[in-house]
Engineer: 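Have a look at this one.
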Amino acid sequence: MNDMAESAALAAADYKSGYKPVWCPGCGDYGVLGAVTRALAILQRPPHEVAVVSGIGCSSRIPAYTSCYGFHGVHGRALAAGTGLKVARPDLTVIVAGGDGDGYSIGGNHFLHACRRNVDLTYIVMDNHVYGMTKGQASPTTEPDWDSKLAPGGTGVRSFHPLVIALAAGANFIARAFSGDSGGAAEIIAQAIRHPGFSFVEVMSPCVTFRPEQKDWKQSVRRTGVPETGDPAQAARRIMTDDGFNIGVLYAGDRPVYARERAATVTPAELEAEFAL
Amino acid sequence: MTAGTLLLDAAARAGLYGLMVRTSGPQIRGGEAAALLRLGPQPLATLDDRFDMLLAIDWQNLHRFADEIPLGPASLIVGDSGEGEAPEALLASGAQAVALPLKKTVKGATGAWVNMVALGFGGAIAGLPVEVLEEALRASWKRNPQALEANLTVLRQGFAFAAGLEGKRPQPLAMPAVAPAGRWLISGNEAAGFGAIRAGVRFVAAYPITPATEVLEWLAPALTRLGGTLLQAEDELASINMIIGAAYGGVPSLTATAGPGLALMTEAIGLAVTAEVPIVIVDVMRGGPSTGIPAKSEQSDLSFAVDGLPGDAPRLVLAPTSIGDCLTTTEWAVRLAEALQAPAIVLSDQFMGQSRAVVDQPPATGGTAQRLVAAANTPGYLRYADTPSGISPMAIPGTPGTTYTADGLEHTEKGIPSSQATDHSRQLDKRERKLMQYDYGPRWADVEGEADLAIITFGSTTGAVREAIARSALQGVGLRLVALRLLAPLQPAALDRALAGVRQVLVVEQNHGGQLLRYLRSRYDLPGRATGLHRPGPLPLRPGELTAAFIDWAAVQGSREGRA
């Protein structure tokens with residue numbers, strides 16, 4: 001990037017790599033890619049100062065589709081890799097992204113501890129209630145009676161409520177967005193990145209191949225009419241009682257952000273004194 | 001444990017060398033435990049065949065580790081006069097038993113501890129001056145001064161008990177006139193932590209596990225003072241992925257664990273191989289498999305470290321050969337990982353990790369680790385460029401004009417996922433080549449002696465093997481030592497040179513299956529008919545039994561030669 005380009009305002013397109021995604025035509029994840037790149041344009045963060053970290057799954061392919069630094073790791077461990085990166089390199093903007101299987105099933109433990117650790121990063125989950133990459137199995141957010149080859153007649157297991165779990169575990173910012181409202185999602189993601197601490201954005205992102213009924217989500221979603229709250233009890237009531245189609249910021253707290261003193265007060269050579277006789 | 005630590009400290013102050021090994025019953029925390037000490041005028045890398053003295057505060061549950069405390073007719077067993085006779089199993093050794101009023105001595109002395117009586121007595125038996133024992137206690141004291149005086153008094157009383165044991169007590173050590181310069185008092189786990197720091201590690205993710213926790217606990221405050229970070233992770237899956245994330249961000253990173261943790265880390269180690277992210281894992285080996293024997297030593301993670309990953313996954317595996325070498329080898333591992341953009345596993349073990357020793361100051365190997373990084377705005381930047389060396393410049397996030405996505409999926413030179421045969425074979429070749437072409441220099445092994453019979457070993461067993469080779473030489477049997485420090489990638493050309501003129505080799509290791517022997521046989525044509533001498537933990541291989549085995553083995557090789 002030359003000086004002229006750097007001095008000019010960055011557009012959403014400047015955050016796209018131009019690689020053709022592996023996603024099916026009509027996949028909600030295109031809208032999320034658009035929303036992320038628009039959010040970064042809103043924030044005007046240079047792409048090389050942003051790292052997008054992911055695990056495994058359709059949505060986890062997103063890092064390479066941006067022009068940012070990317071890390072496409074192993075299944076379920078994106079939050080761990082993103083946490084290590086952000087703590088070691090606090091100067092970077094770190095976005096962790098992935099799907100519901102990656103984040104809530106195999107990565108569930110990291111989700112809990114990332115919420116409570118409150119490292120300053122943004123976690124975007126593209127939730128389509130299905131494992132798409134492996135061709136249609138139930139995920140933790142799938143309805144208990146959803147029929148699949150792996151669980152004929154449904155899993156019979158109650159679906160997971162990521163937003164209320166995030167709240168209980170201590171996430172500092174909780175929002176729901178919809179990939180079909182890319183502009184709205186971009187605003188929410190930009191706000192999440194700006195908000196200190198662990199920001200969690202659950203994006204409803206339809207899988208048109210294995211969950212074609214999710215195409216109807218665009219008729220059901222609505223922007224929430226209520227102002228955001230920093231009161232966890234109020235946020236809990238809202239999250240527990242809404243129908244799952246309210247889009248917007250549902251909680252914005254002010255918990256202390258995970259931080260470490262960084263100034264060196266000794267040199268390695270000075271530590272030798274501890275051992276020398 | 002406190003008395004043992006203070007005795008070692010006093011011996012160090014008196015100018016001696018020493019080694020203190022910790023052992024305990026099956027519990028990890030609390031309960032019965034023993035400090036096993038060996039003191040002497042030269043550096044000591046192994047325990048001896050027998051102990052000169054066993055001093056027991058009580059006899060409870062001693063049987064749980066009595067087989068780790070061999071005694072002989074010249075040994076002295078000391079117990080408390082209120083605790084009754086020493087157990088029959090101990091007396092069967094022929095050792096002399098005496099009872100001392102250890103607990104009675106502290107009765108009425110407010111704040112005095114029975115183990116300080118033991119410290120005074122033990123110090124006297126070793127031949128240490130009482131002033132040095134007092135100095136060691138004073139230096140460690142953090143409580144109120146009255147209690148210190150009470151403990152100094154009982155320490156002196158304990159010291160005086162030794163005077164009545166002429167004829168029964170073992171020979172005291174001669175104290176050196178001048179203390180040798182440049183000695184350190186350090187544990188293997190501390191040494192590994194300090195080696196990491198010297199090489200430039202500034203991010204550590206940690207999940208506690210016996211017997212590796214002390215590496216992490218030593219690093220936590222040290223890193224804070226150095227402006228780095230130690231982060232306590234929720235599990236080993238997190239800790240390994242955290243260090244991969246931090247290392248991807250350009251910061252040299254490390255974690256420490258033991259067998260069960262290493263097993264959990266396996267998938268992510270493969271990620272570090274494929275995405276070419278430098279990380280270091282210190283595996284402080286314990287008895288396995290599964291939870292195994294957490295607080296006891298064994299060299300049984302070798303096969304897993306060198307071969308335990310799905311796919312063709314070249315990685316670095318190193319093993320320190322002594323407590324002091326835990327520093328140097330960990331430091332080297334960080335440098336190699338950074339230089340080669342690959343994961344490195346350091347195989348320490350409970351014996352080295354949790355033992356404390358007076359060692360000669362480990363040599364300064366100079367300089368922090370260097371990673372080949374990409375310059376800003378490199379035209380046509382290819383993260384995984386197929387270079388002649390196999391090493392390709394790594395762009396560090398924050399650098400303009402070189403953004404890329406690191407990937408655990410097989411990829412093109414640019415880093416784009418690819419399932420094409422040409423990309424796969426090209427990247428497999430590259431990742432193997434970068435490790436194979438590298439000049440590791442002379443540190444790959446300790447090679448000592450010119451004999452035509454060689455002992456090959458690795459890790460903490462080296463200490464006992466080296467001592468047994470020296471004893472064999474006194475009996476006229478010459479043996480060559482090859483103690484491997486770089487286990488993977490194996491160095492065939494260097495092995496050719498190290499084994500030039502060797503007729504037969506014996507491979508010595510502390511595990512049940514002969515893992516080093518099998519590994520060497522699978523990758524290298526050993527001369528003659530290689531045989532193995534291996535035994536699982538927790539019993540250490542002792543120099544006396546190794547000497548006897550070496551002499552027998554050498555005799556068989558000699559007669560074979562005669563028949564030929």
Side-chain angles (χ1 to χ4, degrees), chain A residues 1-2 6 17 19 22 46-53 56 61 63-89 91-92 94 109-110 112-114 117 258 260-272 274-277, chain B residues 12-13 179 182-186 190-191 194 197-198 200 202-203 205 222 224-229 231 233-235 237-251 253 267-268 270-271 275 358 361 376-377 395 397-409 415-417:
Chain A
M1 192 177 296
N2 60 37
E6 223 161 36
S17 68
Y19 296 125
V22 295
H48 65 269
E49 292 174 8
V50 179
V52 184
V53 179
I56 295 298
R61 292 296 189 101
Y65 307 144
T66 74
S67 63
C68 305
Y69 278 94
F71 186 89
H72 183 209
V74 291
H75 196 24
R77 316 298 167 211
L79 278 171
T83 297
L85 176 60
K86 180 65 187 184
V87 172
R89 289 290 309 277
D91 55 309
L92 299 172
V94 175
N109 194 34
H110 309 305
L112 294 180
H113 292 279
R117 195 175 280 120
Y258 184 96
R260 282 290 178 268
E261 194 56 55
R262 303 204 78 83
T265 56
V266 293
T267 63
E270 286 168 324
L271 290 174
E272 275 184 26
E274 185 182 333
F275 306 120
L277 288 165
Chain B
R13 287 165 187 272
R183 291 170 309 143
W184 283 16
L185 180 58
I186 196 165
E190 290 169 347
F194 190 41
I197 273 174
R198 280 218 311 212
R202 291 298 179 270
F203 181 84
T224 302
R225 296 170 71 196
L226 288 161
T229 308
L231 197 159
E234 54 270 29
D235 55 31
L237 303 165
S239 57
I240 187 78
N241 282 282
M242 283 174 178
I243 67 168
I244 291 172
Y248 160 79
V251 178
S253 300
E267 185 192 22
L271 169 63
V358 182
Q361 178 175 350
N377 302 310
T399 310
T402 49
T403 60
Y404 76 101
T405 292
D407 212 312
L409 282 170
I416 303 304

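In what follows, every chain begins at residue 1, and chains take the letters A, B, ... in the order their sequences are listed.
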Engineer: Could you tell me which of Val358(B), Leu185(B), Leu409(B), Val251(B) has the largest number of non-hydrogen atom pairs under 4.5 Å with chain A?
Structural biologist: Leu185(B)

Engineer: With the side chain counted from C-beta on, respond yes when Leu231(B) and Tyr258(A) share a heavy-atom pair under 4.5 Å apart, and no when they do not.
Structural biologist: yes

Engineer: Please determine, among Ala246(B), Pro397(B), Gly249(B), Gly245(B), the option with the most heavy-atom pairs under 4.5 Å with chain A.
Structural biologist: Pro397(B)

Engineer: Go through it in stages, so that I can follow the logic: the residues are His110(A) and Leu237(B), the test is side-chain contact (heavy atoms from CB on, under 4.5 Å), and I'd like the CA-CA distance, side-chain angles, deciding distance and then a yes or no.
Structural biologist: CA-CA 9 Å; His110(A) 309 305; Leu237(B) 303 165; 4.1 Å; yes

Engineer: Heavy-atom distance under 4.5 Å to chain B: side chain of Ser17(A), backbone, both or neither?
Structural biologist: neither

Engineer: Does a side-chain heavy-atom distance below 4.5 Å link His48(A) with Thr399(B)?
Structural biologist: no

Engineer: Side chains of Phe203(B) and Val87(A), heavy atoms from C-beta outward: is any pair under 4.5 Å?
Structural biologist: yes

Engineer: Contact part of Ile240(B) toward chain A, heavy-atom cut-off under 4.5 Å: side chain, backbone, both or neither?
Structural biologist: neither

Engineer: Do the non-hydrogen side-chain atoms of Arg61(A) and Pro417(B) ever get within less than 4.5 Å of each other?
Structural biologist: yes

Engineer: Between Arg202(B) and chain A, which part of the residue has a heavy atom less than 4.5 Å away: side chain, backbone, both or neither?
Structural biologist: side chain

Engineer: Set out, in order, the CA-CA distance, both residues' side-chain angles and the distance that settles side-chain contact (heavy atoms from CB on, under 4.5 Å) for Arg198(B) and Glu272(A), then state yes or no.
Structural biologist: CA-CA 10 Å; Arg198(B) 280 218 311 212; Glu272(A) 275 184 26; 3.6 Å; yes

Engineer: By a 4.5 Å heavy-atom criterion (distance strictly below it), what part of Ala395(B) contacts chain A: side chain, backbone, both, or neither?
Structural biologist: both

Engineer: Take Phe194(B) and Leu271(A), measure what side-chain contact (heavy atoms from CB on, under 4.5 Å) needs, and give me the verdict at the end.
Structural biologist: CA-CA 8 Å; Phe194(B) 190 41; Leu271(A) 290 174; 3.8 Å; yes

Engineer: Checking Ile243(B) against chain A: side chain, backbone, both or neither under 4.5 Å from a heavy atom?
Structural biologist: neither

Engineer: For chain A, which of Gly182(B), Gly227(B), Ala205(B), Ala275(B) has the most heavy-atom pairs under 4.5 Å?
Structural biologist: Gly227(B)

Engineer: Find out whether Glu234(B) and Thr83(A) are in side-chain contact, i.e. whether some heavy atom of one side chain is under 4.5 Å from a heavy atom of the other.
Structural biologist: no

Engineer: Highest number of heavy-atom pairs under 4.5 Å with chain A: which of Ile244(B), Thr224(B), Leu226(B)?
Structural biologist: Leu226(B)

Engineer: Measuring only between side-chain heavy atoms, which start at C-beta, is Leu277(A) closer than 4.5 Å to Trp184(B)?
Structural biologist: no

Engineer: For the candidates Ala238(B), Gly398(B), Gly408(B), which exhibits the highest count of non-hydrogen atom pairs separated by less than 4.5 Å from chain A?
Structural biologist: Gly398(B)

Engineer: Using atom types as modelled and distance alone, determine if a side-chain donor or acceptor of Arg89(A) lies under 3.5 Å from a backbone N or O of Gly250(B).
Structural biologist: no

Engineer: So for Ala263(A), is it side chain, backbone, both, or neither that comes closer than 4.5 Å to the heavy atoms of chain B?
Structural biologist: backbone

Engineer: Are the side chains of Arg77(A) and Leu271(B) in touch, meaning some heavy atoms are under 4.5 Å apart?
Structural biologist: no

Engineer: Do you know which of Thr402(B), Thr405(B), Thr403(B) makes side-chain hydrogen bond (donor to acceptor under 3.5 Å, both in side chains) with Tyr69(A)?
Structural biologist: Thr402(B)

